[in-house]
Amino acid sequence: MAQLLVVEDNADILHLIWTQMRARGHEVLGASSGPEALAAVELWGPPQVAVLDVAMPSMDGLELLGRLRGATGMPELPAIFLSARVDPATVEAAHRLGAAFLAKPFMEEILYAAIEAALTKGYEGLRTGIDAASQRSPSA
């Protein structure tokens with residue numbers, strides 16, 4: 001069982017991920033904004049993996065990851081970004097941060113596999129997977 005931080009401003013999606021990952025045995029801290037996530041981490045401690053929406057009001061997921069890494073003292077905190085906005089600049093920004101990127105709507109099995117990869121292989125495992133995927137990409 002791992003501690004996950006899920007930050008999503010859509011209450012239905014947050015509840016869906018929370019329910020799915022709890023059913024798989026994980027402890028899930030849920031937050032609907034960047035400031036709420038930072039407060040939760042301060043109270044409950046750092047997560048092992050962060051699952052972050054990209055587009056949120058007040059603080060986007062990309063900025064939040066930097067703040068989480070600084071606040072937790074974990075510069076290599078594994079992260080998975082979720083977004084309906086799949087533009088090359090956003091995907092590349094996520095990859096530069098060493099994070100995985102999944103488009104919404106996402107399949108539960110793929111999210112779970114990304115979380116398990118992050119837990120077993122950590123930041124470097126996600127980085128390796130991202131690099132391999134980039135090399136297979138026709139635009140690479």
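Remember, it's a predicted structure, so these values are computed and weren't measured experimentally.
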**Report entry** Q3 (side chain) donor-acceptor with Q48 (main chain) under 3.5 angstrom
**Finding:** no

Query raised in the report: Are the side chain of T19 and the backbone of H15 linked by a donor-acceptor contact shorter than 3.5 Å?
Result: yes

Heavy atoms only: give me the nearest [X]-[Y] pair and the separation to one decimal.
X    : Y   : value
G73  : P75 : O-CD, 3.2 Å
A37  : V7  : CB-CG2, 3.5 Å
E8   : D53 : OE2-OD2, 3.2 Å
R85  : S83 : N-OG, 2.9 Å
L14  : G30 : CD1-CA, 4.0 Å
L111 : M21 : CD2-CE, 4.4 Å

Query raised in the report: Is it true that L16 and M107 fall in one hydrophobic cluster, defined by side-chain heavy atoms closer than 4.5 Å?
Result: no

Query - ILVMFWY cluster, M74 and L43 together (side-chain gap under 4.5 Å) - result: yes

If you define the side chain from C-beta out and look only at heavy atoms, does anything of [X] sit under 4.5 Å from [Y]?
X   : Y   : value
E36 : M56 : no
V6  : H26 : no
L68 : L52 : yes
L5  : V49 : no
L82 : I17 : yes

At what distance, to the nearest 0.5 angstrom, does [atom1] of [X] lie from [atom2] of [Y]?
X    : Y    : atom1 : atom2 : value
F81  : T90  : CZ    : OG1   : 10.0 Å
I110 : I115 : CD1   : CD1   : 12.5 Å
L38  : R67  : CG    : CZ    : 5.5 Å
E92  : L97  : CD    : CG    : 10.0 Å
R69  : L77  : CZ    : CG    : 6.0 Å
I80  : L65  : CD1   : CG    : 11.0 Å

**Report entry** Lys/Arg N to Asp/Glu carboxylate O, E108 vs R24, below 4.0 Å
**Finding:** yes

